[in-house]
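Contents: one structure, followed by commentary.
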Amino acid sequence: MLNQLLAIVLLPLAAAIVAGLAGNLIGRAWSHRITIGAVAVSCALAINIALGFAFGGLQSLNVTLYSWAQLGGLNLQVGFLIDPLTSTMMAVVTFVSLMVHVYTIGYMKDDPGYSRFFSYISLFTFAMLTLVMSNNFLQLFFGWEAVGLVSYLLIGFWYKKETAIFANLKAFLVNRVGDFGFLLGIAGVYMIFGTLDYAPVFEQVAKGFNDIQIPISEEIAWSGITFVCICLFIGAMGKSAQVPLHVWLPDSMEGPTPISALIHAATMVTAGVFMVARMSPLFELSEVALNVVLVIGATTALFMGFLGVIQNDIKRVVAYSTLSQLGYMVVALGASAYSVAIFHLVTHAFFKALLFLGAGAVIIAMHHEQDIRKMGGLGKMMPWTYATCLIGSLALIGFPGFSGFFSKEAIILATGNSNLAAADYAYFAVLAGVFFTALYSFRMFFLVFHTKPRMDEHTKSHVKESSLVVLIPLILLAVPSLISGWIIAPNVIDGSFFGDAIYVSENHDVLKPLVEPYSSQLGLTLHGFLTLPFLLAMGGLVTAFVFTVWKPEWRETLYNRLSVINSVLKNHYYFDKIYIDYISAGGVGLGKRFWRWIDAGLIDGWIVNGSAKTIGAISGQVRKIQSGYLYHYVLVMVIGLLAFLGWMYWRALAG
């Protein structure tokens, strides 16, 4: 098994190096052949391991490959922790990555950076695999930073485009904020447990440990484990784009569409969700941290859904959908339904990658036009893209029977079962979010594939279905978007699949009431047509139909009447304005003042230039007595001697 694990993680790295350094020598065709072949082998091996855990009785493996440093009692090492949770992430990451690799052949065929792009996405896959397979916090942090670095390169892939450079810098800086909290959390783990390896930390938690108290004031002290969990979650907020560290993700649409699918579907943005699930033994010790997670996730799920309604860029609609669905996953984490969060992560990976790649197919057909107001009627022109995007949209809104239904329904029910203080707010948010998810999803769907064509005649005459290298990934992603929930739902809900990889305390077990309903997927699906979430979803779908197909003129009337709300939404709740115009500009202004007062004024003006000017002024006066006459020098010597004798006499009297 160890050889398989090494192949899974190292093959994408080797392919990335070859395509990156020798891309011009081996040519475009071999660049994609090598990288796709490497990821395909990794995917096959990862799926084989996941199936081994699901059906073959495979046992968890925790192995240290080597130790690379010893600092006192801290052992720094490279190793793997392979269990059902890790194997699930490995299979999802490699499968979606493989689909993106294949799709890229068609999407990037005319791009001059073709080989470089394949190198980057393979390197991204390696970084994500390193993150999910690690058995210690330091290796986790290495993978964490590596996916951040490669995402910076990918978002700014078109480096001559100013908006892309701004977007990748924004993503990099916002994630540094989250990563600072993440580092504090890792330091807190070492302070409390004395190790950075997962197994000893979780073992101490299981046996009981002495929590530390962090004094804030004479009367207030924080629980050390609460501090650690909140700091770790701040890192997750950055990577998984939770409010208020969400602002980088919509702008990441400036990168090529395959990257949007890779970053937003199953890899970088889900790293935070995976990390919190992995750290479930720690989070179960702090209800304060769980409440924080609930509030942040619920706020993201609802308020990012609002923003999806007013977007007109096809990729940004799907991007804000990602933000909202990540909020659902985080709500599940806060409700201690960690396995359901991973369940939704898996189903979301399939249908969200499908929607992004479907959006890319539309963009190709529209000659890189991304405004959905300039589309329409593409359903008849692109039937395969239409069908796959319909499957993805229905899965996204949680239509009964589709994969998203099983995972989203579980999140809503689990949140309703939670007794935490923030559970009521979270339950309202995820319920209301169902309506807006359906509204923005089918507003986009109707405007793109239905309604009358609104593109110019030249574009309309050239619209056609995409090539096979684009369609095959869409079809392969549509299948699990449709059926994956039926296959994995029961074993996830009853806890039999993840086993000891996820820990939930008895008083936080919100999934126990769901075991019986989820034991019959057909019964649950039929019952789903009678539930409140289904009615809300249908309400959103009908609203989208009315305002886009039946009475499109009502849309402008509504926008005008809700001008204040529309202004707030169009300015994205003014987060960017606050960050750029106040926090960033304030920091720059403060830096300029410090430079003017301290650097230019004190150091240069007084210490460096001032001392030179002072010495020059004194020298100018002293120079005047350098006359060259002997009697002048004798006079100075006599004055100096008299002064010295006077000083000696004064010292003698004082003594």
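None of these values were measured; they are calculated from a predicted model.
- Between the side chain of Thr300 and the backbone N or O of Ser324, no donor-acceptor pair lies under 3.5 Å.
- Ring centers of Phe442 and Phe545: at least 6.0 Å apart, outside the cut-off.
- With 3.5 Å as the limit, one finds no donor-acceptor pair spanning the side chains of Ser403 and Thr347.
- Residues Gln139 and Tyr198 have side chains that never bring a donor and an acceptor to within less than 3.5 angstrom of each other.
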Validation: residues 416-425 side-chain donor-acceptor distances under 3.5 Å, sequence neighbours left out:
{"from": "Asn417", "atom 1": "ND2", "to": "Leu413", "atom 2": "O", "distance (Å)": "3.3"}
{"from": "Asn417", "atom 1": "ND2", "to": "Val510", "atom 2": "O", "distance (Å)": "3.1"}
{"from": "Ser418", "atom 1": "OG", "to": "Leu420", "atom 2": "N", "distance (Å)": "3.2"}
{"from": "Tyr425", "atom 1": "OH", "to": "Thr299", "atom 2": "OG1", "distance (Å)": "2.8"}

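- Closest heavy-atom contact between Lys315 and Met253: NZ-O, 3.0 Å.
- The distance from the NZ atom of Lys160 to the CD1 atom of Ile165 is 11.5 Å, given to the nearest 0.5 Å.
- Applying ring-ring contact (aromatic ring centres under 6.0 Å, His included) to Phe117 and the options Phe124, Phe157, Tyr103 leaves one that passes, Phe157.
- Counting non-hydrogen atoms of neighbouring residues, nucleotides and ligands closer than 6.0 angstrom, the OH atom of Tyr574 exceeds 12 such neighbours.
- In summary, the side chains of Asn312 and Arg443 do present a donor paired with an acceptor at a separation below 3.5 Å, with no hydrogens or angles considered.
- Counting only distance, with no hydrogens or angles, the side chain of Tyr573 and the backbone of Phe303 share a donor-acceptor pair below 3.5 Å.
- Not one N or O on the side chain of Ser122 forms a donor-acceptor pair closer than 3.5 Å with the backbone of Ser119.
- You'll find the ring centres of Tyr328 and His348 outside the 6.0 Å limit.
- Between the CD1 atom of Ile411 and the CG atom of Leu333 there is a distance of 8.5 Å, given to the nearest 0.5 Å.
- With contacts defined as side-chain heavy-atom distances shorter than 4.5 Å, the pair Phe166/Glu254 does not qualify.
- Counting non-hydrogen atoms of other residues, nucleotides and ligands closer than 6.0 Å to CZ of Phe180 gives a total of 12 or fewer.
- Distance alone, capped at 3.5 Å, is enough to place a donor-acceptor pair between the Asn175 side chain and the Ala171 backbone.
- Looking only at distances, a side-chain donor or acceptor of Trp248 sits under 3.5 Å from a matching main-chain atom of Gly238.
- Under a 3.5 Å cut-off, the side chain of Arg454 and the backbone N or O of Leu447 do form a donor-acceptor pair.
- Looking at Lys408, its side chain never comes within 3.5 Å of a backbone N or O of Gly398 through a donor-acceptor pair.
- With Ser252 contributing its side chain and Leu249 its backbone, the two residues share a donor-acceptor pair below 3.5 Å.
- In this structure, Gln213 contributes its side chain and Pro215 its backbone to no donor-acceptor pair below 3.5 Å.
- Atoms CE and CG, on Met329 and Leu326 in that order, are 5.0 Å from each other to the nearest 0.5 Å.
- For Glu162, the CD atom is loosely surrounded, since the number of other residues' heavy atoms within 6.0 Å does not exceed 12.
- Here the straight-line distance linking atom CZ of Phe351 with atom CD1 of Ile397 works out to 10.5 Å at 0.5 Å rounding.
- Side-chain contact between Phe172 and Ile155 is absent, with no heavy-atom pair separated by less than 4.5 Å.
- Between Phe283 and Cys229, the shortest heavy-atom distance links the atoms CZ-O, 3.4 Å.
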